[in-house]
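In what follows, chains are A, B, ... by sequence order, proteins preceding strands, each numbered from 1.
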Amino acid sequence: MPELPEVETTRRGLAAHLEGATVTGVVIRNARLRWPIPENLPELLSGQAVISLKRRAKYLLLDCGRGTLILHLGMSGSLRILPLATPPVPAGSQGSSPKNIVAPSASCFERGGMPGVSPQLRCDPPAIHDHFDLLLDNGKLMRLRDPRRFGAVLWHEGDVHAHPLLARLGPEPLEDYPGKNSFDARYLYQATRGRNVAIKALIMNNHIVVGVGNIYACEALFSAGISPLLKAGKLSLARCDKLVTAIRTTLSAAILAGGSTLRDFVNASGNPGYFQQQHWVYARAGEPCRCCGAPIRQIKQGQRSSFYCENCQKG
DNA sequence: CGCCAGGCCTGCACGC
DNA sequence: TGCGTGCAGGCCTGGC
């Protein structure tokens, strides 16, 4: 699900609730995501103050000073802020309680009197796919839901950008790096030279540019008037410029609309995005092109569906 | 039942 | 032999 606009929408919704708060506990209901959630996360995170929530590509980076919590939403993940039903007891006033550290098997059902769960951990009952909670001292919690479990929750100490998952990523499409490797026409032109791969696959390659998934690859190629089948090496500098602009404007417009919700994406407040109403081609197979009226075509490229208008997009 | 779905890492085969 | 490259597979669940 989440491509860059959905992840950025999530980040913006979460940041104010997380930054400045202190982690009081962690609940792991199912550690089996794409990689296992580290078992010792409760010990690592409890008592840590959240400094910032940033984004790199489709990863959310929760800087806790001592280390960084790396979050990825995979295909079906979403993160929400929820209130704890009962405000947490202020630190130090609770004598015997051990810092709200919760074992993975613990849950926070409101009903049912689940044994071993202290009152301050009660909240909305988690659903079947709510795998992970971060409990905060401001009376809120951040909850990860991920039915398909392609997402990730990882911990990294030291420079997070040196993490193996981040170290080799290409430039951010919406940022400029003065002097080097900004995602501009010249960069894309260089990156496409000698490449036989279809342009659609190339712009979805994280080593070239990050954040462009299947939806926005299709939409940006339509916007630039470029066929998804065109071999990357054939792109002229002028068309690279068009494509860079199309990627930037498409992603920016999607962020403004709160992302695309096809089935289950919700932002930090639990609300859907609306950019799918502005899709020109994605998931519109057989429907008339909003530009020329020709039917939108759907083809397969490397196991993924591509949607495009044969008339408006040239090879 | 089979097929499809927003991501992305890994491993393989291939050609220079 | 050693690469860069381009595929295919795999991880999962839910919905049509």
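- Salt bridge A:Arg248/A:Asp176: present, at least one basic N to carboxylate O contact under 4.0 Å.
- Computed from coordinates, the A:Arg55 CZ to B:dG7 P distance equals 14 Å when rounded to whole Å.
- Backbone-only contact: A:Arg149 has heavy atoms under 4.0 Å from sugar-phosphate atoms and none from a base.
- Using a 4.0 Å heavy-atom criterion, one finds that A:Tyr282 contacts the sugar-phosphate atoms exclusively.
- Picking from B:dA5, B:dC9, B:dC8 the nucleotide with the shortest atom distance to the side chain of A:Trp35 gives B:dC9.
- Distance from the side chain of A:Met75 is smallest to B:dA5 among C:dG6, B:dA5, C:dT13.
- At the heavy-atom level, A:Leu165 lies under 4.0 Å from the strands shown only through sugar-phosphate atoms.
- Across all strands shown, the partner of B:dC3 is C:dG15, judged by Watson-Crick or G-U wobble contacts whose two distances both fall under 3.5 Å.
- Counting any heavy atom pair closer than 4.0 Å across all strands shown, A:Lys231 reaches no nucleic acid atom.
- Atom CZ of A:Arg193 has more than 12 heavy atoms from other residues, nucleotides or ligands within 6.0 Å.
- One atom, CG of A:Leu202, and another, C1' of C:dT5, lie 12 Å apart when rounded to the nearest Å.
- Taking for each of A:Pro147 and A:Gln303 the nucleotide of DNA chain C with the nearest heavy atom, the 5'-most of the two is the partner of A:Gln303.
- Side chains of A:Asp146 and A:Ser76: a donor on one and an acceptor on the other come within 3.5 Å.
- Distances shorter than 4.0 Å separate none of the side-chain N or O atoms of A:His72 from OP1 or OP2 on B:dG7.
- Dashed line: the shortest gap from a side-chain N or O of A:Arg32 to OP1 or OP2 of C:dC11 is not under 4.0 Å.
- Side chain of A:Tyr282 to main chain of A:Ala217: no donor-acceptor pair is present (N/O by atom type, distance under 3.5 Å, no hydrogens or angles).
- Straight-line distance between the P atoms of C:dG9 and B:dC3: roughly 13 Å, to the nearest whole Å.
- What separates CD of A:Glu3 from P of B:dA5 is a distance of 13 Å, to the nearest Å.
- Counting non-hydrogen atoms under 4.0 angstrom, A:Asn196 reaches the backbone sugars and phosphates but no base.
- Spacing between atom CG of A:Asp146 and atom P of B:dC8 amounts to 12 Å, rounded to whole angstrom units.
- A donor-acceptor contact under 3.5 Å is formed by the side chain of A:Arg148 with the base of C:dC12.
- Heavy-atom contacts from other residues, nucleotides or ligands closer than 6.0 Å to CZ of A:Arg66 number more than 12.
- The residue A:Tyr59 sits close only to the backbone: its heavy atoms come under 4.0 Å of sugar-phosphate atoms, none of a base.
- As rounded to whole Å, 8 Å separates atom C1' of C:dG14 from atom NE2 of A:His129.
- Counting only heavy atoms from C-beta on, A:Arg195 has its side chain closest to C:dG6 among C:dC12, C:dG6, B:dC8.
- Within 4.0 Å of A:Gly213, counting heavy atoms only, lie sugar-phosphate atoms of the nucleic acid but no base atom.
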